[in-house]
Amino acid sequence: MVIKVFLASSSGSTAIKKKQQDVVGFLEALKIDYAQLDIASNEDNRAWMRENVPGEKKPTNGIPLPPQIFNEEMYCGDYDTFFDAKEDNTVYEFLGLTPPPGSKEAQQAENSQKLQNGSVTEEHPDDDTTRKPAEEEEQEEAEGDKVEDNHLVSEEEEELRELEEEEEHPSEED
């Protein structure tokens with residue numbers, strides 16, 4: 001998949017130039033492969049961009065301004081939607097790409113998935129531990145951590161046992 005960024009190499013607008021530089025610079029920083037397609041010097045690029053920006057995304061005059069971003073034929077958005085995705089750490093999602101492991105976006109997606117289903121069993125290749133489902137973790141937290149005769153004794157059971165022992169063997173103070 002190739003990200004296509006439609007730019008105007010000879011724009012008189014400094015605002016457009018800054019937006020184009022922002023998009024290109026950010027893609028380069030993330031090491032995302034992309035192609036710059038100039039709409040100022042190539043009429044085919046200009047026509048393709050104008051035809052493929054969805055109607056609801058076009059400004060009132062009907063002519064979308066650069067930069068416009070596509071993933072192959074799929075429209076991703078303009079500078080404003082790119083900027084929002086950048087601020088929300090969702091640029092890979094915005095571009096229709098899988099975030100690389102360890103990126104903020106990948107971590108957010110992983111945390112979001114865990115929150116949605118609550119019982120994800122996850123293996124970590126770096127260690128031999130396997131994460132238990134959230135329900136099991138909650139159950140273990142509710143139980144005490146005292147082990148007797150190779151089984152777990154809850155805090156309530158332990159308190160009850162201590163009270164019974166006190167009743168059977170009253171202390172000398174009573």
Side-chain angles (χ1 to χ4, degrees), residues 1-138 140-141:
M1 285 191 246
V2 175
I3 302 302
K4 298 177 182 177
V5 182
F6 287 85
L7 309 169
S9 60
S10 59
S11 173
S13 168
T14 55
I16 288 176
K17 287 179 184 176
K18 286 181 181 179
K19 289 176 180 180
Q20 293 176 161
Q21 289 172 345
D22 189 26
V23 170
V24 169
F26 198 76
L27 294 176
E28 287 177 357
L30 292 178
K31 295 179 173 66
I32 294 174
D33 290 332
Y34 69 96
Q36 293 184 38
L37 301 169
D38 188 8
I39 65 169
S41 64
N42 186 318
E43 185 59 39
D44 291 338
N45 287 343
R46 182 180 334 176
W48 192 93
M49 181 193 81
R50 288 181 178 176
E51 288 172 15
N52 289 284
V53 171
E56 68 274 6
K57 301 293 183 176
K58 291 182 181 177
T60 53
N61 69 1
I63 301 173
L65 297 174
Q68 297 291 329
I69 306 160
F70 290 80
N71 182 335
E72 296 290 343
E73 310 298 314
M74 181 189 78
Y75 180 70
C76 299
D78 60 5
Y79 177 77
D80 292 332
T81 52
F82 172 80
F83 182 81
D84 291 342
K86 187 173 136 181
E87 290 294 305
D88 295 338
N89 288 322
T90 58
V91 171
Y92 289 97
E93 180 182 333
F94 166 80
L95 295 171
L97 301 174
T98 303
S103 68
K104 285 183 181 179
E105 193 168 338
Q107 292 169 352
Q108 285 176 340
E110 186 178 308
N111 291 340
S112 169
Q113 182 182 10
K114 286 179 187 177
L115 290 175
Q116 286 176 358
N117 62 16
S119 62
V120 173
T121 300
E122 175 182 300
E123 292 186 23
H124 297 278
D126 296 340
D127 59 21
D128 292 336
T129 61
T130 301
R131 230 179 120 85
K132 297 179 182 175
E135 294 165 356
E136 287 182 33
E137 287 183 4
E138 290 172 7
E140 287 180 7
E141 287 175 7

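Values reported hereafter were calculated over all heavy atoms of this structure, with side chains retained and with hydrogens, waters and symmetry mates removed. Numbers for residues simply follow the sequence, beginning at 1.
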_Contact list for residues 3-25, test side-chain hydrogen bond (donor to acceptor under 3.5 Å, both in side chains), sequence neighbours left out_ =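 For residues 3-25: Ser9-Asp38, Asp22-Tyr79, Asp22-Lys86.
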*State which residues pass side chain to side chain donor-acceptor pair (under 3.5 Å) with Thr81; sequence neighbours excluded, sorted by chain then number.*
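Side chain to side chain donor-acceptor pair (under 3.5 Å) list for Thr81, sorted by chain: Asp78.
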*For Asn45, enumerate each residue passing the side chain to side chain donor-acceptor pair (under 3.5 Å) test, keeping only those at least two apart in sequence or located in another chain.*
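If we apply the side chain to side chain donor-acceptor pair (under 3.5 Å) test to Asn45, skipping adjacent residues, there are no hits.
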Give the table of side-chain donor-acceptor pairs shorter than 3.5 Å for residues 46-57, with sequence neighbours excluded, one pair per line with atom names and distance.
unit_1	atom_1	unit_2	atom_2	d
Arg46	NE	Ile39	O	3.0
Arg46	NH2	Ile39	O	3.1
Asn52	ND2	Trp48	O	2.7

Going from [atom1] on [X] to [atom2] on [Y], what distance comes out if it is rounded to the nearest 0.5 angstrom?
X      : Y     : atom1 : atom2 : result
Ile3   : Glu72 : CD1   : CD    : 8.0 Å
Ser103 : Leu30 : OG    : CG    : 8.5 Å
Leu65  : Ile16 : CG    : CD1   : 4.5 Å

*Does the side chain of Val2 reach to within under 4.5 Å of the side chain of Asp33, using non-hydrogen atoms?*
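They are not in contact (no side-chain heavy atoms under 4.5 Å apart), so the answer is no.
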*Summary of ring-ring contact (aromatic ring centres under 6.0 Å, His included) pairs that have at least one residue in residues 11-34, sequence neighbours excluded*: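 Qualifying pairs, neighbours excluded: Phe26-Phe82.
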*Looking only at heavy atoms, what is the nearest atom pair of Gln108 and Asp88, with distance?*
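Minimum heavy-atom separation between Gln108 and Asp88: OE1-O, 3.6 Å.
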What side-chain donor-acceptor pairs closer than 3.5 Å can you find for residues 94-101, not counting sequence neighbours?
none

*Check side chain to side chain contact (heavy atoms under 4.5 Å, CB included) between Asn61 and all other residues, then give those that pass, not counting sequence neighbours.*
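Asn61 satisfies side chain to side chain contact (heavy atoms under 4.5 Å, CB included) with Pro59, Ile63 once adjacent residues are dropped.
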*Taking side chain to side chain contact (heavy atoms under 4.5 Å, CB included) as the test, write out the residues that go with Glu93, two or more places apart.*
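Residues passing side chain to side chain contact (heavy atoms under 4.5 Å, CB included) with Glu93: Thr90, Glu105.
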